[in-house]
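Below, read A as the first sequence line, B as the second, and so on, with proteins coming before strands; counting in each chain starts at 1.
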Number of protein chains: 2
Amino acid sequence: MGGIHDFVSVSSSELGRILSISQQSASKRILELLELGLLTRDLGARSQRIKITRTGIDSLMKEYADFKRIFELKDQLAIRGTVTTGLGEGQYYVQQKGYLDQFEKKLWFLPYEGTLNLRIESADLVKLNILESSEGILVDGFESEGRSFGEVRCFSAKIRGVECAVIMPVRSHHSNVLEVISKHHLRSTIGLEDGDLVELIVYL
Amino acid sequence: MGGIHDFVSVSSSELGRILSISQQSASKRILELLELGLLTRDLGARSQRIKITRTGIDSLMKEYADFKRIFELKDQLAIRGTVTTGLGEGQYYVQQKGYLDQFEKKLWFLPYEGTLNLRIESADLVKLNILESSEGILVDGFESEGRSFGEVRCFSAKIRGVECAVIMPVRSHHSNVLEVISKHHLRSTIGLEDGDLVELIVYL
DNA sequence: ATTACTATAGTGCGAGTAA
DNA sequence: TTTACTCGCACTATAGTAA
């Protein structure tokens, strides 16, 4: 109704009719959203004016981003790289509960213990920039045991037909190595060894 | 999870974890959506595969279209026309309950009894094509008293700062007359008479 | 007219469990 | 392992009503 841009006059009974709920429920919903900090209100004697807060808009935009991903992202990118052994650091990060919970809800799978590192061919390095400038699926950072774990950007992907995901820290130096996680142990499932050249299909 | 494109394997407990509800509730939700015809399922002995139906996708797209309208459409179109008296037919259509209910939920107001007809200047006729090729806010058709009332496309608009909406039948001959509805009686509220030239701001 | 409290009716969730 | 039933409990919605 324009509540994103400015205060809008809506009585609770009006809102109830629009939402097909009672005046009482509409009133309560408004109070709940005020409580959560998603709405602000300018409550007059005979009318109220309501506006969505920045937090509220952010919350709506998050949902909008999901819809967008579902309906509009048909673009896929083929990136070629060779299997390498990393420092084993990826594994430590990826298995943090703070990330795991989000992986399950946003990527729809829990990653196998380790990560697969792919050293990207120089010809395809430019495609990494495309990934970095795409929104992807954002996994929030968190604090744990006094350390802080940063925000991570993910992309659904496939390697030789097997579902997986590329994960890249949102704030970090550029690298020519991509980290891939999957529900399966990719090295054994599709028989990969260091030095193998594979093509990764990334869904933007 | 890809259920728009094809069948996807998801157990009810998996779905429960992803949605932060129990296995039982997830199972129930799936059954409800099947009942409503929004999902199809391929139920095997040890696994089920789920896909969203055409109706389900349509339903999601409707919500997506709303989000799109909220966040992306800042385009507005100024169309100039002169106030004319129509056949009074618009009034009959606009006051049909089948339309009224939808106006309240989609345009957020109930129209005043009549409609205001604007004969569009020939210089602005091309802008009507823009409207016709824009999605707008779709109001479904319905049957009533043995007659059928067609689908109608609406656009939020303003005349001299007063909120209103343009309504145009989705399937009809081209016309150089636009019908405008508003919560207020526009002729008296902003003092309009036949022959007056007004500028209508239409929000795409 | 408003908004919103209280008490109650109604709906949804999930533990326990069967198939 | 699955899916999904029953049933008690908790949460949500609203009728009645006050301010």
salt_bridge(Arg119(B), Asp194(B)) N-O dist < 4.0 Å: no

Over 12 non-hydrogen atoms of neighbours within 6.0 angstrom of CD in Glu89(A): no

Parallel, tilted or perpendicular, as decided by the 30° and 60° cut-offs, for the rings of Phe142(A) and Tyr99(A): perpendicular

Ion pair Lys97(B)/Asp101(B), N-O distance below 4.0 Å: yes

Atom pair distance, as rounded to whole Å: CG in Leu34(B) and C1' in dT3(D): 12 Å

Crowding at CD, Glu163(A) (>12 non-hydrogen neighbours, <6.0 Å): no

Met61(B) atom CE: more than 12 heavy-atom contacts under 6.0 Å: no

Short side-chain N/O contact to dT3(C) OP1/OP2 from Ser12(A), under 4.0 Å: yes

For DNA chain C, the residues among residues 38-50 of chain A that have a non-hydrogen atom under 4.0 Å from it: Arg41(A), Leu43(A), Arg46(A), Gln48(A)

Ring center gap for Tyr93(A) and Phe149(A) short of 6.0 angstrom: yes

Using the 3.5 Å cut-off, write out each protein N or O paired with an N or O of nucleotides 10-19 of chain C and the distance between them.
residue, atom, partner, partner atom, Å
dC13(C), OP1, Arg29(B), NH1, 3.4
dG14(C), OP2, Ser22(B), N, 2.8
dG14(C), OP2, Ser22(B), OG, 3.0
dG14(C), OP2, Ser25(B), OG, 2.7
dA15(C), N7, Gln24(B), NE2, 2.8
dG16(C), O6, Gln24(B), NE2, 3.1

Rounded distance (Å) that lies between atom C1' of dT14(D) and atom CZ of Arg17(A): 16 Å

Non-hydrogen atoms of Ile137(B) and Ser156(B) that approach each other most closely: CD1-OG, 4.3 Å

Whole-Å gap separating P (dA4(D)) and CG (Leu15(B)): 12 Å

Sugar-phosphate only, base, or nothing, as touched by Leu31(B) at under 4.0 Å among non-hydrogen atoms: sugar-phosphate

